[in-house]
Engineer: 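I am attaching a structure below and will ask some questions about it afterwards.
Convention: sequence-line order gives letters A, B, ...; per-chain numbering from 1.
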Amino acid sequence: MATTTPNYGWTVPTSTDLVKDGATAIETLGDAIDASMNTALGTKKAGMILLNTTSFSGVASTAVNSVFSATYQNYKIVFTLTSATADTTIKAKLRSGVTDNSASFYNFAMPGLTNGGSAANESSSPSSGGFLVTYSDSTALNFSSASIDLYKPFLAVITTGTIVMTNSSFSNVLRANAGGWWHEVASSFDGINFISDSGNITGEVSIYGYNK
Amino acid sequence: MATTNKIFIQINDERIELTGEAKEEFIAEREKMKEERLLLEAEYKAKQDARESAIKKLADIAGLTKEELASIL
């Protein structure tokens with residue numbers, strides 16, 4: 001006698017069912033899975049696709065090349081550190097091929113607070129240094145992380161971003177900032193480079209494409 | 001300025017040691033980024049100091065207590 005799966009209640013045959021009914025059972029199960037997936041995703045495709053996860057260890061910079069393309073318009077980037085060898089600031093530069101864009105086109109505005117309640121705002125009018133990603137001190141208990149949405153980097157239009165980050169800031173102070181990025185010249189980029197301005201960093205970065 | 005420390009960068013899953021001109025260029029770019037960051041921090045601190053000073057002057061004129069002043073700083 002057929003039974004059902006524990007989570008979605010899909011009908012599946014049991015070991016005592018007749019083999020001759022197998023094809024029908026497979027069809028029933030397939031249809032049930034198809035219906036559940038379409039309900040869960042709201043579409044025939046997933047909403048977000050993991051494109052790249054890069055782990056890095058003891059490096060001054062970590063680049064993800066050939067990750068932005070015409071397939072997706074907007075991207076989610078999750079950047080986390082586990083250690084740094086010096087007090088450092090991590091910046092991100094957009095790149096095309098193996099070349100960073102280092103022109104003075106990077107702007108950001110990121111209001112913030114320390115865990116002590118003091119203002120810790122960050123901003124930059126056009127500079128060549130890249131977008132601010134996070135800070136890190138050199139302690140073992142490193143918790144610097146950033147969640148970034150990057151808009152239209154591959155299209156030959158202005159690239160913008162929004163970011164929320166926590167900083168394991170110098171002297172073990174928590175700083176949290178949230179704000180926006182703006183690359184003020186319309187260009188197409190297919191990669192991004194995270195650069196530590198001092199010492200070496202260890203951590204992981206994942207990049208996802210948003211389906212539409 | 002030549003340096004002897006090894007510099008490693010990563011591109012996707014490949015870890016690469018920079019040498020020669022590429023290494024010096026990377027170090028120079030990094031120094032530029034760091035200087036830019038320190039300049040921004042100094043600029044921000046100066047603005048913050050000026051703001052606090054102005055608020056204190058206003059507090060003196062308004063006759064605010066230390067507690068009242070702290071609540072708006």
Engineer: Among B/Arg30, B/Lys34, B/Arg37, exactly one meets salt bridge (Lys or Arg N to Asp or Glu O under 4.0 Å) together with A/Asp197. Which residue is that?
Structural biologist: B/Arg37

Engineer: Select one option (side chain, backbone, both, neither) describing which atoms of A/Ser196 are under 4.5 Å from chain B's heavy atoms.
Structural biologist: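 Both backbone and side chain of A/Ser196 come within 4.5 Å of chain B.
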
Engineer: Once rounded to the nearest 0.5 Å, what's the spacing between atom CD1 of B/Ile11 and atom CG of A/Asn193?
Structural biologist: 7.5 Å

Engineer: Could you tell me whether the side chain of A/Val64 reaches within less than 4.5 Å of the side chain of B/Asn12, counting heavy atoms only?
Structural biologist: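 Answer yes - side chains close enough.
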
Engineer: Heavy atoms only, distances under 4.5 angstrom: which of A/Ser124, A/Ser57, A/Gly117, A/Ala60 has the most pairs with chain B? Name it, please.
Structural biologist: A/Ala60

Engineer: Which atoms of A/Asp100 come close to chain B, meaning under 4.5 Å heavy atom to heavy atom: side chain ones, backbone ones, both, or neither?
Structural biologist: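 No part of it gets close to chain B.
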
Engineer: Check whether A/Ser66 gets within reach of chain B through its side chain, its backbone, both or neither, counting any heavy atom under 4.5 Å.
Structural biologist: neither

Engineer: Would you mind telling me which of A/Ser61, A/Gly129, A/Ser123 has the largest number of heavy-atom pairs within less than 4.5 Å of chain B?
Structural biologist: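 Among the listed options, the one with the most contacts to chain B is A/Ser61.
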
Engineer: Against chain B, label A/Ser198 side chain, backbone, both or neither, depending on which of its atoms sit under 4.5 Å from a heavy atom there.
Structural biologist: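 For A/Ser198, heavy atoms of backbone and side chain both lie under 4.5 Å from chain B.
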
Engineer: Of the backbone (N, CA, C, O) and the side chain (C-beta and beyond), which part of B/Glu43 lies under 4.5 Å from a heavy atom of chain A, both, or neither?
Structural biologist: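 Interface part for B/Glu43: neither.
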
Engineer: Can you name the one residue among B/Met33, B/Lys32, B/Glu36 that meets side chain to side chain contact (heavy atoms under 4.5 Å, CB included) with A/Ser127?
Structural biologist: B/Glu36

Engineer: Can you name the nearest heavy-atom pair linking B/Phe8 to A/Gly58, along with the distance?
Structural biologist: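 Shortest heavy-atom separation between B/Phe8 and A/Gly58 comes out as CB-O, 4.0 Å.
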
Engineer: If you measure from OG1 on A/Thr62 to CG on B/Asp13, what distance do you get to the nearest 0.5 Å?
Structural biologist: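 Here the interatomic distance stands at 8.5 Å.
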
Engineer: Please identify, among A/Asn121, A/Val205, A/Asn52, A/Ile195, the residue contributing the most non-hydrogen atom pairs under 4.5 Å to chain B.
Structural biologist: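 The candidate making the most pairs under 4.5 Å is A/Asn121.
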
Engineer: List the atom pairs, donor and acceptor, that lie under 3.5 Å between side-chain atoms in residues 149-156 of chain A and the rest of the protein, sequence neighbours left out.
Structural biologist:
residue, atom, partner, partner atom, Å
A/Asp149, OD1, A/Tyr210, OH, 2.6
A/Tyr151, OH, A/Thr162, OG1, 2.8

Engineer: I'd like to know which of A/Ser102, A/Gly130, A/Gly191, A/Ser128 tops the heavy-atom pair count under 4.5 Å against chain B.
Structural biologist: A/Ser128

Engineer: Please identify each residue that fulfils side-chain contact (heavy atoms from CB on, under 4.5 Å) with A/Ser147, with sequence neighbours left out.
Structural biologist: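 Testing A/Ser147 for side-chain contact (heavy atoms from CB on, under 4.5 Å), a comparison that skips the adjacent residues, returns A/Lys76.
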
